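Take a look at the structure set out below.
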Amino acid sequence: MTDLTTLLEVGGPLAALGGGTAYTRAKYPAVYWSVVGGPISTARLLSSYSSVMEACGLTVAPSRLRVLAVKATTRREVRPVPPRRGIIRPTSTGLRIRLRLAPGQEPADVAASAERLRHAWGVHAVYVTTIKPGVVELRLVGYDVLRRVRMPRKTDSGLLKVPVALREDAMPFVRDYRTVPHQLTLGATLSGKSMYLRHLITGLAPQPVALVGIDCKRGVELAPFAARLSALATDPDEAAELLPALVKVMEDRYDLIKARQGIEPDTPDEEITSDIWGLPESERPTPVVLFVDEVAELFLTATRKDEERRDEMVTQLIRLAQLGRAAGIYLEVCGQRFGAELGKGATMLRAQLTGRVCHRVNDEASAKMALGDIAPEAVSAACAIAPDLPGLAVAGDTSGGWSRIRTPYLSLGDAAEICRESAHLVPDLPALKPFRPDVPVRPTETPAPAVLPHPATD
């Protein structure tokens with residue numbers, strides 16, 4: 001009886017501790033990793049580094065000098081040499097460690113063993129990045145960072161740079177319009193495409209940028225941000241008027257660039273430019289970002305007259321995609337479905353959109369249209385997105401690289417409030433003034449009537 005009492009006295013706290021640990025791991029993975037998972041994985045890595053590298057085939061034969069030194073000083077067996085390991089640097093989501101590759105090794109050798117390293121050291125994922133020739137960095141992620149997204153505190157921000165989502169390797173996914181000028185974003189209903197769009201708009205709102213929207217769903221997606229928009233078209237008819245105005249803005253900017261190029265022969269080469277970013281800051285036009293929501297609505301037609309309007313709008317969109325970058329005009333084309341069956345010009349427009357983001361879609365053809373021409377292996381990853389993970393997407397570009405990302409939650413009210421606070425930053429673009437949306441006046445709260453004191457009665 002005494003032994004049973006002692007066992008209960010000891011086992012009770014241990015069971016509570018185990019239950020608390022399991023609860024923390026499920027609900028607060030970052031806290032669990034910092035307190036429990038990180039130290040355990042670090043100990044595993046330090047104790048098994050050489051054996052794991054040998055098992056993964058990442059060791060090489062030692063040099064002759066090393067063999068002679070070992071034989072002269074000890075009688076130990078001369079073992080293969082693993083890559084030289086740097087200092088282990090813990091992070092809030094995992095570990096970082098740099099490896100100096102041995103002669104004859106390449107980063108692809110380490111990347112091919114990432115899954116083995118993940119299981120050996122008990123982490124969620126291992127990613128390999130080349131730092132410089134002969135040096136790679138292993139990024140060990142301790143838990144699924146896309147299950148509950150928490151953006152890093154320090155992100156790469158700047159003009160036309162928006163940290164819009166979190167990648168599966170715990171790094172921020174930054175939408176850089178200077179590097180990737182145009183992008184195609186696809187996603188079915190409730191896939192998180194609208195949340196992605198909100199983060200883009202709110203990230204650009206505090207910047208000296210003109211925001212233009214085409215939302216053929218009567219403006220339900222972009223109208224809440226009207227305070228920060230320089231122009232907004234809510235149906236195909238308005239879009240047919242807005243797109244020529246944007247093309248005219250682009251042509252005027254090209255005239256400005258050409259006038260700058262036609263300067264005196266003795267002008268230094270650094271003052272000769274082929275885009276607006278080479279112009280002096282005092283002469284540089286304001287960058288323009290065009291958001292096209294539900295792009296399929298611009299392609300759909302019902303009559304021959306609609307076909308003529310469609311062909312004209314698609315031609316103007318293609319011109320903006322082909323020539324807009326140098327004039328500081330960038331495209332963000334969004335839709336639920338995008339395919340060749342939309343009509344003439346669809347594939348030509350897609351070819352000009354360097355960046356691709358594919359949320360959950362309803363058919364494989366849409367995923368292939370978004371990612372098939374740049375990273376065929378990413379199509380299966382896009383088709384495997386579960387409906388219970390809104391905001392999860394596969395992002396890639398025409399370089400062939402791709403990764404899974406997820407956008408954090410941002411309410412529509414908070415996004416609209418950010419745009420209202422940035423309304424004073426709307427640039428003065430005379431060509432777009434006729435399309436400036438009407439901003440509804442916020443109703444003022446009526447103060448409650450004062451409660452007058454009642455006389456005391458018996």
Side-chain angles (χ1 to χ4, degrees), residues 33 38 41-42 44-63 65-66 79-146 152 154-156 163 165-174 176 179-180 354-357 371-382 394-405:
W33 170 258
S41 295
T42 302
R44 286 178 179 175
L45 193 155
L46 293 174
S47 62
S48 63
Y49 177 76
S50 298
S51 59
V52 168
M53 288 292 162
E54 185 175 359
C56 293
L58 297 176
T59 55
V60 296
S63 63
L65 181 61
R66 184 183 182 91
R79 302 182 62 85
V81 180
R84 189 182 303 174
R85 173 176 55 82
I87 299 175
I88 299 176
R89 293 175 293 172
T91 65
S92 60
T93 58
L95 303 171
R96 287 184 181 182
I97 178 174
R98 290 190 177 185
L99 306 181
R100 181 173 292 277
L101 300 179
Q105 292 181 331
E106 62 176 351
D109 298 334
V110 184
S113 302
E115 189 67 14
R116 296 182 181 184
L117 299 177
R118 178 179 83 86
H119 289 285
W121 295 331
V123 294
H124 179 73
V126 176
Y127 300 94
V128 181
T129 305
T130 302
I131 303 300
K132 60 182 181 180
V135 179
V136 297
E137 182 179 71
L138 297 184
R139 178 182 291 273
L140 282 65
V141 180
Y143 56 93
D144 186 3
V145 296
L146 299 185
K154 294 182 179 180
T155 56
D156 184 15
L166 187 69
R167 296 191 326 198
E168 58 184 343
D169 61 353
M171 294 293 290
F173 175 73
V174 179
D176 187 355
T179 304
V180 182
T354 306
R356 310 288 174 82
V357 173
L371 303 168
D373 60 328
I374 61 171
E377 64 276 9
V379 175
S380 58
V394 176
D397 54 48
T398 51
S399 66
W402 65 277
S403 63
R404 296 198 310 160
I405 64 172

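These figures come from a predicted structure and were not determined experimentally.
Contact annotation: the side chain of Arg139 never approaches that of Thr91 to less than 4.5 Å [non-hydrogen atoms, C-beta and beyond].
How far CG of Leu101 is from OG1 of Thr130: 8.0 Å, rounded to the nearest 0.5 Å. Annotation: the span from Leu117 atom CG to Tyr127 atom OH amounts to 13.5 Å, rounded to 0.5 Å. Within the model, atoms OG1 of Thr93 and CG of Asp144 stand 11.5 Å from one another, a figure rounded to the nearest 0.5 Å. Note that CG of Leu95 is 11.0 Å distant from CZ of Arg89, once rounded to the nearest 0.5 Å. Atom CH2 of Trp33 is separated from atom CG of Leu140 by 7.0 Å, given to the nearest 0.5 angstrom. Distance check: Ile97 CD1 to Leu45 CG gives 5.0 Å after rounding to the nearest 0.5 Å.
Here the closest heavy-atom approach between residue Leu166 and residue Pro152 is recorded as CD1-CD, 3.8 Å. Considering all non-hydrogen atoms of both residues, Ala382 and Leu371 come closest at CB-CD1, 3.9 Å. Closest heavy-atom contact between Pro83 and Tyr49: O-OH, 2.6 Å. When all heavy atoms of Arg116 and Ala55 are compared, the pair lying nearest together is NH1-O, 3.6 Å. Contact between Val357 and Ala395 at its shortest, heavy atoms only, is CG2-CB, 4.0 Å. Of all non-hydrogen atoms in Phe173 and Arg167, the two that sit nearest each other are CB-CG, 3.8 Å.
Listed for the Gln105 side chain is a donor-acceptor partner under 3.5 Å among the backbone atoms of Leu58. Without hydrogens or angle criteria, Ser41 side chain to Gly38 main chain gives no donor-acceptor distance under 3.5 Å.
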Working note: Trp402 + Glu377, criterion side chain to side chain contact (heavy atoms under 4.5 Å, CB included); need CA distance, chi angles, decisive distance, verdict. CA-CA 9 Å; Trp402 65 277; Glu377 64 276 9; 3.4 Å; yes
Step-by-step side chain to side chain contact (heavy atoms under 4.5 Å, CB included) determination, Ile131 to Val136: CA-CA 5 Å; Ile131 303 300; Val136 297; 5.9 Å; no
Begin from the C-alpha positions of Arg85 and Met53 and carry the test side chain to side chain contact (heavy atoms under 4.5 Å, CB included) through to its verdict. CA-CA 11 Å; Arg85 173 176 55 82; Met53 288 292 162; over 6 Å; no
Test Leu138 against Trp121 for side chain to side chain contact (heavy atoms under 4.5 Å, CB included), laying out the working first. CA-CA 12 Å; Leu138 297 184; Trp121 295 331; 4.2 Å; yes
